[in-house]
Amino acid sequence: MSTLPATSPARPSLFGTSGAIFLAIVLGAAVLIPALNLLVPEGSALHVPTYLMSLLGKYLCFALLALSVDLIWGYVGILSLGHGAFFALGGYAMGMYLMRQIGSRGVYGNAVLPDFMVFLNWKELPWFWHGFEWFPYAALMVLLAPGALALVFGWFAFRSRVTGVYLSIITQAMTFALLLAFFRNDMGFGGNNGLTDFKDILGFNIQSNGTRAVLFALSAIALALGYVLCRFLVTSHFGKVLIAIRDAEARVRFTGYRAENYKLVAFVVSAMLAGVAGALYVPQVGIINPSEFSPANSIEIIIWVAVGGRGTLIGAALGAVIVNYAKTYFTSGMLAPYWLFMLGGLFVFSTLFLPKGVLGAWADFRDRRRAAAASSAVNDATPAADPSAAKPAE
């Protein structure tokens with residue numbers, strides 16, 4: 001007797017229709033928006049102003065940051081209330097490079113020391129500033145600085161089996177500690193004022209339209225690559241273990257998996273993505289200061305993900321754009337003093353009425369429509385019973 005060969009379950013599609021559409025939109029924007037800014041005359045209705053392109057670039061950086069949070073919260077169950085720290089560290093690494101590029105064009109004309117160090121009577125450059133005059137070194141630090149912090153923090157936290165609200169609290173304590181440290185002038189990071197007055201990046205004027213267009217395109221490409229990486233991770237065997245850890249960590253440990261190692265890898269990758277987002281954010285806004293370490297910023301990231309849809313990746317990016325657009329719109333008018341109340345109300349509304357976020361609600365609505373259409377098609381295909389056939393013969 002022959003037997004059918006055993007088959008393993010098919011791996012889910014890497015992107016799917018929604019993922020392909022998302023990538024097409026993001027990569028299309030990477031080309032279209034700069035083209036409309038650089039090639040279309042300013043008087044044209046199709047012209048995209050430079051300020052709007054920079055604003056959209058900032059939204060893309062926030063979308064990548066939200067994507068990094070969704071990787072660990074949506075698929076591992078790690079609610080990090082300190083992810084703004086990794087974002088800020090990536091931003092400071094880029095800011096240090098940009099400060100070294102100013103050279104003698106600063107206010108005090110010192111070719112080596114940044115202006116704030118001259119103002120504070122520093123005599124020599126601190127050791128940790130050396131190397132940031134080279135872009136490859138700065139780019140490496142954009143990944144290593146947040147990655148190293150996540151590695152050390154996660155190693156102790158996950159091996160101590162700290163989970164749930166306790167882990168959320170210590171992540172918030174971590175970013176608050178960094179906030180206090182970076183506020184100090186003797187730390188060598190500009191204190192309260194931070195790093196600003198940037199001139200060049202890779203020899204190009206950071207204020208020029210061409211540079212702004214390239215930064216926008218790079219932000220879009222980074223978001224697309226970040227999505228591809230996260231999607232690859234969550235659809236692989238590694239991702240299935242992460243989801244199992246999220247749903248039943250004790251059972252995963254019982255089957256022999258080292259859950260802390262999986263959580264640590266996901267946490268470090270997420271921190272590096274946040275660092276890249278911070279590095280692209282800084283040259284577009286022109287400043288980085290300790291306020292980026294604020295715990296309130298990290299909590300706001302959670303709201304982005306919750307509004308867009310936790311555990312969807314695309315929803316997290318969408319939520320970041322929606323909330324930040326609303327922030328830009330409402331904080332520029334008479335409703336500005338009430339923005340925080342509106343933000344809190346949005347989070348409560350999402351929790352009560354959209355527990356799966358905007359994207360999750362849309363997916364549920366679409367599935368119900370498809371089920372109703374399929375049911376209607378089945379009913380239409382079924383022939384109606386003949387009433388006379390059921391009537392008994394007389």
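Please read all numbers here as calculations on a predicted model, not as lab measurements.
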To the nearest 0.5 angstrom, please state how far the NZ atom of Lys123 sits from the CG atom of Asn121.
5.5 Å
Does Val107 offer a backbone N or O that forms a donor-acceptor pair with the side chain of Asp115 under 3.5 Å?
yes
Is any side-chain heavy atom of Thr163 closer than 4.5 Å to one of Phe158?
no
Locate the shortest heavy-atom distance separating Leu64 from Gly226; write the atom from each residue and the value.
CD1-CA, 4.1 Å
Is it the case that the side chain of Ser350 and the backbone of Ala306 share a donor-acceptor pair, with hydrogens and angles ignored and the cut-off at 3.5 Å?
no
Flag yes if Val31 and Val40 sit in one hydrophobic cluster, no otherwise; membership is Ile, Leu, Val, Met, Phe, Trp, Tyr, and two members link when side-chain heavy atoms are under 4.5 Å apart.
no
If you look at every heavy atom in Val276 and Ala222, which pair is closest and at what distance?
CG1-CB, 4.4 Å
Does the side chain of Ser80 come within less than 4.5 Å of Ile72's, by heavy atoms?
yes
Any chance you could measure Leu223, atom CG, to Ile25, atom CD1, to the nearest 0.5 Å?
11.0 Å
Compute whether any side-chain donor of one residue and acceptor of the other, for Asn261 and Arg159, lie under 3.5 angstrom apart.
yes
Same cluster for Leu27 and Leu318 if Ile/Leu/Val/Met/Phe/Trp/Tyr side chains link at under 4.5 Å?
no
Is it true that Phe182 and Tyr92 have ring centroids separated by less than 6.0 Å?
yes
Has Arg310 got a side-chain atom pairing as donor or acceptor with Trp73's backbone, closer than 3.5 angstrom?
yes
Using the rule ring pair (Phe, Tyr, Trp, His ring centres under 6.0 Å), only one of Trp155, Phe86, Phe156 pairs with Phe267; which is it?
Phe86
Are Asn110 and Ser104 linked by a side-chain donor-acceptor pair shorter than 3.5 Å?
no
Option from Thr196, Leu195, Leu113, Asp197 for which side chain to side chain contact (heavy atoms under 4.5 Å, CB included) with Met99 holds:
Leu195
In short, Ser270 meets His83 closest at the heavy-atom pair OG-NE2, 2.7 Å
Over all heavy atoms of both residues, which pair between Val76 and Leu71 is shortest? Give the atoms and the distance, please.
CG2-O, 3.5 Å
At what distance, to the nearest 0.5 angstrom, does CG of Asn324 lie from SG of Cys61?
10.5 Å
For Arg253 and Arg258: C-alpha separation, side-chain torsions, deciding distance, then whether side chain to side chain contact (heavy atoms under 4.5 Å, CB included) applies.
CA-CA 6 Å; Arg253 293 182 182 278; Arg258 299 291 296 272; 6.0 Å; no
Grouping I, L, V, M, F, W and Y whenever their side-chain heavy atoms are under 4.5 Å apart, do Val269 and Ile243 come out in a common cluster?
yes
Surrounding CH2 of Trp129 (heavy atoms of other residues, nucleotides or ligands, distance under 6.0 Å), is the total greater than 12?
yes
Quick check against the 3.5 Å criterion: does Asp70 have a side-chain atom that pairs as donor or acceptor with the backbone of Ala316?
no
For Tyr166, does the OH atom have more than 12 heavy-atom neighbours from other residues, nucleotides or ligands under 6.0 Å away?
no
Ile21 and Thr17, any side-chain heavy atoms less than 4.5 Å apart:
yes
Any donor-acceptor pair under 3.5 Å linking the side chain of Ser54 with the backbone of Tyr51?
no
Do side-chain atoms of Thr171 reach the backbone of Leu81 as a donor and acceptor pair under 3.5 angstrom?
yes
Note, Tyr59 side chain near Leu55 side chain (heavy atom, < 4.5 Å)
yes
Ser44 and His47: side chain donor to acceptor below 3.5 Å:
no
Do Met53 and Asn209 touch side chain to side chain, with heavy atoms closer than 4.5 Å?
no
Using modelled atom types and a 3.5 Å cut-off, is there a donor and acceptor pairing between side-chain atoms of Thr211 and backbone atoms of Asn205?
yes
Quick one: ring pair (Phe, Tyr, Trp, His ring centres under 6.0 Å) pairs with a partner in residues 297-346, sequence neighbours left out?
Phe62-Trp304
When rounded to the nearest 0.5 angstrom, what distance separates CG in Leu89 from CE in Met272?
12.5 Å
Is any NZ, NE, NH1 or NH2 atom of the basic residue among Glu249 and Arg161 found under 4.0 Å from an Asp or Glu carboxylate oxygen of the other?
no
So does Arg369 have more than 12 non-hydrogen atoms from other groups sitting under 6.0 Å from CZ?
no
List the steps and the verdict of side chain to side chain contact (heavy atoms under 4.5 Å, CB included) for Tyr281 and Met94.
CA-CA 9 Å; Tyr281 169 84; Met94 179 56 68; over 6 Å; no
Is there a donor-acceptor pair closer than 3.5 Å between any side-chain N or O of Arg212 and the backbone N or O of Gln284?
yes
Looking at side-chain heavy atoms only, is the closest gap between Met96 and Phe128 below 4.5 Å?
yes
Within the 4.5 Å heavy-atom criterion, are Val282 and Ile287 side-chain neighbours or not?
no
Does a sphere of radius 6.0 Å around CZ in Arg105 hold more than 12 heavy atoms from other residues, nucleotides or ligands, not counting ones at 6.0 Å or beyond?
yes
Decide if the gap between the ring center of Phe293 and the ring center of Phe183 is smaller than 6.0 angstrom.
no
Looking at every non-hydrogen atom in both residues, tell me the closest pair between Ala138 and Tyr97 and how far apart they are.
CB-CB, 3.5 Å
Parallel, tilted or perpendicular: which one describes the rings of Phe132 and Tyr137, with boundaries at 30° and 60°?
perpendicular
Taking it one step at a time, do Val162 and Ile170 satisfy side chain to side chain contact (heavy atoms under 4.5 Å, CB included)?
CA-CA 9 Å; Val162 180; Ile170 63 174; 4.0 Å; yes
Considering non-hydrogen atoms only, spot the tightest contact between Asn289 and Asn192 and give its length.
CB-O, 3.8 Å
Can you see whether Ser294 engages Ser291 through a side-chain donor-acceptor pair at a distance of less than 3.5 angstrom?
no
From Ile33 atom CD1 to Leu38 atom CG, the distance as rounded to the nearest 0.5 Å
11.5 Å
Drop me the distance from Leu167's CG to Ser160's OG, to the nearest 0.5 angstrom.
10.5 Å
Answer with yes or no whether the hydrophobic clustering places Leu225 together with Leu229; edges join I, L, V, M, F, W, Y residues whose side-chain heavy atoms lie under 4.5 Å apart.
no
When hydrophobic residues are tied together by side-chain contacts of less than 4.5 Å, even through go-betweens, does Val142 share a cluster with Val214?
yes
Please check if the side chain of Glu292 supplies one atom and the backbone of Ile288 the other of a donor-acceptor pair under 3.5 Å.
no
Under the criterion side chain to side chain contact (heavy atoms under 4.5 Å, CB included), I'd like the reasoning laid out for Phe365 against Arg370: C-alpha separation, chi angles, the key distance, then a yes or no.
CA-CA 9 Å; Phe365 173 77; Arg370 288 178 177 176; over 6 Å; no
Given 3.5 Å as the limit, does a donor-acceptor pair link the side chain of Asn37 with the main chain of Val48, or not?
yes
Do Leu60 and Val321 have side chains that approach each other closer than 4.5 Å (heavy atoms only, starting at C-beta)?
no
